[in-house]
> 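Below are the C-alpha cells for one structure; questions will follow.
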Amino acid sequence: MKDLLVTDHLTKYFDIGHGQRVHAVDGVSLAIAEQEILGLVGESGSGKSTFGKTILGLHDKTSGTVTYRDELLPARYVPRDFQRHSKNMQMIFQDPYSSLNPRMTVGEIIGEGLKLHTRLSTAQVRESVADWLVRVGLEPDHMSRYPHEFSGGQRQRIGIARALVLEPEFVACDEPISALDVSVQAQVVNLLYELKASMGLTLLFIAHDLSMVRYVSDRMAVMYLGCVVEVGPADKVFFEPKHPYTEVLIGSNPEPDPRSERSRPSTAIQGEIPSPVNVPPGCRFANRCPKVMDTCRDNTPELIPLTNTGDRAVACHLYENP
Ligand code: SF4
C-alpha cells in the first residue's frame, strides 16, 4: 500500500517561559499507509496526543515535516489550511463530554462541517445528518437534542459522526474510548472498525490500552518521552517486544485473555518518566532501563530497522550492529 501520511523528524516544543521548553514531540518519523490502522501507545505524557494534533495542524510544528499524499503540509495553519485539509483529515477526541459544544444541537454539531465545506442545501444537510446518526447507532430524531441528553458512549458516537460526515480519508483517534465505561468501550471500537472497513479509512489510533491497540491495529508504534522507540506489526510488537521500554510497558498492561497472559513477559515498570523540560542526554529510557549500558547515558539511539525482519524498527543500542 502507498503511504498516505509521512512525518519526517516532526518536532513540537511548547515554550513555558524563562527559556524553557516542553519537548512534547521530538523528531518523530513515521509513515502511515493507505487504509492502515497505526496504533500509537505510550504512558501519559509520552507525546502521543500532541503528535496527533500536530499532524492535523491543531498545533504549529516546531520543526520537521508532515507530508500528505506527497503534499507538504504547512508548518503553521491559517484558517484557509483548515478549510482545505479538514475535508481529508479529521480527529476524534478523547473526551466526549468536553469536545461537543453544549449549546449546539446534535444536528448542528454534525452538520457544521457540511455547511462549511459543501454546498449542500439545509434539507440535504439534515438528510445527511440523519443518515449519519443511523450509521453510528443513534436515531434521526436525536438531531434536535443537546449533548447533555446523551450517555458517554452516545456522545462519542456523535463525535464519530461529526468527524466522518465529510468522508475524510485519514482520522486521528485520540484515546477515543478511555473516558467511556468499560461496558461500552468495545461497542465504540467495533463501530470505528466497521466504519473504517466500509469507508476505507486510514486511522491513527492513539491509546494507552495496549491490548485494545493490538486488537485493532495493523502496526503499533511505541512512544517514550516524545520519541518513537519501536514500531512494527502490532502482534509482533505485542508478543515479541524488542525495546526494553516496550517490554516493561506490555508487561505492566493487564491482559484480559489468560492464554495471552501466559505467552508474554511479566514485568513491572520502575521509576518515573523524566521531565520533558529537562530531557536527559543519551537514551531517554536509561534511568529506568533494566538493560542499561554505559554507552546508553551519552549516546542517543536512532530508530533503525532490525536486521532480518524488514518490518520492524527499534531505537536501542542493544540492536545496533557492531
Ligand atoms: Fe536500555 Fe540502553 Fe536500549 Fe536505552 S539504549 S533502552 S538504556 S539498553
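The structure displayed is predicted, hence computed values, not measured ones. Every number for a ligand or one of its atoms is a count from 1 in the order of the listing.
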> Do me a favour and list the nearest non-hydrogen protein atom to atom 6 (S) of ligand 1 with residue, atom name and distance?
His243 CE1, 3.5 Å

> Looking only at protein heavy atoms, identify the closest one to atom 1 (Fe) of ligand 1 and say how far it is in Å.
Cys289 SG, 2.3 Å

> Starting from atom 5 (S) of ligand 1, what is the nearest protein heavy atom, named by residue and atom, and what distance separates them?
His317 N, 3.3 Å

> If the threshold is 4.0 Å, N to carboxylate O, is there a salt bridge linking Arg21 and Asp26?
no

> Write out the residue and atom name of the closest protein heavy atom to atom 4 (Fe) of ligand 1, then the distance separating them to 0.1 Å.
Cys283 SG, 2.3 Å

> With side-chain contact (heavy atoms from CB on, under 4.5 Å) as the test, pick out the partner of Val237 among Glu230, His243, Lys242.
Glu230

> Nearest protein heavy-atom contact for atom 2 (Fe) of ligand 1: which residue, which atom, what distance?
Cys296 SG, 2.2 Å

> Establish, from distance only, whether the side-chain atoms of Arg312 and Tyr319 form a donor-acceptor pair under 3.5 Å.
no

> Parallel, tilted or perpendicular: which fits the ring planes of Phe285 and Tyr224, with parallel below 30° and perpendicular above 60°?
perpendicular

> State the atoms of ligand 1, each with its element, that fall below the 4.0 Å cut-off from a heavy-atom position in Leu318.
8 (S)

> Starting from atom 8 (S) of ligand 1, find the nearest protein heavy-atom neighbour and note its residue, name and distance.
Lys291 O, 3.5 Å

> Output yes when Glu194 and Arg135 qualify as a salt bridge under the 4.0 Å nitrogen-oxygen rule, no when they do not.
no

> Just checking: Cys316, one of its N/O/S atoms, less than 2.8 Å away from atom 3 (Fe) of ligand 1, yes or no?
yes

> Is Arg288 salt-bridged to Glu43, cutoff N-O under 4.0 Å?
yes

